[in-house]
Number of protein chains: 2
Amino acid sequence: MRDDPTHLAEQVSSVLRHLVLLLRRTVAGQPVTSQQYGVLGSLEGGPRRMTELAEEHAVQLPTMTVQINRLEDAGLVTRGSDPADARVRTVELTSEGRARLRAVRQARVAHLTRELAALTEQERETLAAALPVLAKLGRL
Amino acid sequence: MRDDPTHLAEQVSSVLRHLVLLLRRTVAGQPVTSQQYGVLGSLEGGPRRMTELAEEHAVQLPTMTVQINRLEDAGLVTRGSDPADARVRTVELTSEGRARLRAVRQARVAHLTRELAALTEQERETLAAALPVLAKLGRL
DNA sequence: CCGGAATATTAGCCAGACTAAGTTAGTTGA
DNA sequence: TCAACTAACTTAGTCTGGCTAATATTCCGG
């Protein structure tokens, strides 16, 4: 019974709700929203095109357009063009955007680090082992 | 380095984003939203007052008012009064609400069960072991 | 060179979160 | 006792973030 996939699903389902709340608290009151943070993170490795960003964040293109508009208004990213294809808009971090990303990441990780520090060494190991499995779940 | 809490925090942070998307897909296209489902779940054990519901779901009272309005319009809950204190509004599942809750829970668990079935037995065990730790994290 | 596919944006809708302000009912203490 | 404070909700207004449908633009294949 303990290994019944349905039973496990029920547990996962309930734990997931808790984690959503945890995530919400983790980013509460920071100078960018959780989504904005995610988009900035996608830009860290260099310019990206709109379609890539939308796909990576599992949203429709118009949704990403609005997000990028806001980030652009805030001076955190700039739009550019692909010289090889005039249909394509590229998006790039400004230096201010890069600084903001670093700051938010630092705060976010610090918050989680504090939570993790309250666990035992063994619990942290159990958690670390499960992370790849969870990541796989999310990608199915 | 692998056991460094900060490093772990970064991984958790990234996995959490994936799980949010997973959760979103899990309830996509269902007859109640994820939040509504959560509220219905809170009512399963009997009538609750607005303040309790808001607190349990970590939202402000006005937010819960709007949610309950929608559920009431949909015929899934009814508002009542506390005879001992006329300021208090109670919220209760209708039989339709109870049926809906059961149906959505079933679909949700079925979805997750399918995802879990794609894992190896060992991965499921790893996941099962980590669930209590994750639950603890969310509650800190 | 023309019609269809690809890339974005605009516009308009809805859910869900917040704060501020208003209403009604209980509580308290001078 | 009753005036003032506090508690429980609701209403109104604003924001983010998601969606679809409709509209440019640009590219590409025949």
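Note that the coordinates shown come from a computational prediction; the quantities given were computed from them, not determined experimentally. Reminder, nothing fancy here: chain letters follow the sequence lines and each chain counts from 1.
- Note on B:T65: a side-chain N or O is less than 4.0 Å away from OP1 or OP2 of D:dT10.
- Screening residues 80-94 of chain B for side-chain hydrogen bond (donor to acceptor under 3.5 Å, both in side chains), with sequence neighbours left out, gives B:D85-B:R87.
- Atom CD of A:Q60 and atom P of D:dG17 are 17 Å apart (whole Å).
- Less than 4.0 Å separates DNA chain C from at least one heavy atom of each of the following residues of residues 66-81 of chain B: B:Q67, B:R70.
- Under the rule for a side-chain hydrogen bond (donor to acceptor under 3.5 Å, both in side chains), A:R100 has no partner lying at least two apart in sequence or in another chain.
- Direction of the helix axis in the helix from C:dC1-D:dG30 to C:dA30-D:dT1 shifts by 0° between the two five-pair termini, rounded to 10°.
- Here the straight-line distance linking atom CG of A:L71 with atom OG1 of A:T78 works out to 11.0 Å at 0.5 Å rounding.
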Which is it for B:L40 and B:V77 under the side-chain contact (heavy atoms from CB on, under 4.5 Å) test, yes or no, and what are the steps along the way? CA-CA 8 Å; B:L40 291 180; B:V77 307; 3.9 Å; yes

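- In this structure, OH of A:Y37 is placed 19 Å from C1' of D:dT16, rounded to the nearest angstrom.
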Candidate pair A:L101 and A:V32, rule side-chain contact (heavy atoms from CB on, under 4.5 Å), full reasoning: CA-CA 9 Å; A:L101 174 59; A:V32 298; over 6 Å; no

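- Pairs of residues two or more places apart, or lying in two chains, that qualify as side-chain hydrogen bond (donor to acceptor under 3.5 Å, both in side chains) and include a residue from residues 66-76 of chain B are B:N69-B:R79, B:E72-B:R79.
- Contacts between residues 82-90 of chain B and DNA chain C, defined by a heavy-atom separation under 4.0 Å, are made by B:D85, B:A86, B:R87.
- Separating the CE atom of A:M64 from the P atom of D:dG18 is a distance of 8 Å, rounded to the nearest angstrom.
- Here A:Q35 reaches the OP1 or OP2 of D:dG18: one of its side-chain N or O atoms lies under 4.0 Å away.
- When side chains are defined from C-beta on, A:Q35 does not count as touching A:H57, because their heavy atoms never get closer than 4.5 Å.
- Within residues 39-54 of chain A, no residue has any heavy atom under 4.0 Å from DNA chain D.
- At least one donor-acceptor pair under 3.5 Å links the side chain of A:T65 to the backbone N or O of A:L61.
- Sorted by first and then second residue, the pairs that involve residues 31-50 of chain B and meet salt bridge (Lys or Arg N to Asp or Glu O under 4.0 Å), not counting sequence neighbours, are B:E44-B:R105, B:R48-B:E52, B:R48-B:E56.
- Under the side chain to side chain contact (heavy atoms under 4.5 Å, CB included) criterion, A:Q106 pairs with no residue at all, not counting sequence neighbours.
- Between B:T63 and C:dC18 there is a side-chain N or O to OP1 or OP2 distance below 4.0 Å.
- Every side chain to side chain contact (heavy atoms under 4.5 Å, CB included) that B:T126 has, sequence neighbours left out, goes to A:A129, A:A130, A:V133, B:Q122.
- Between B:L61 atom CG and C:dT23 atom P there is a gap of 17 Å when expressed in whole angstrom units.
- The salt bridge (Lys or Arg N to Asp or Glu O under 4.0 Å) pairs that include a residue from residues 30-43 of chain B number zero, where partners must be two or more places apart or lie in different chains.
- Under the rule for a side-chain hydrogen bond (donor to acceptor under 3.5 Å, both in side chains), B:Q60 has no partner lying at least two apart in sequence or in another chain.
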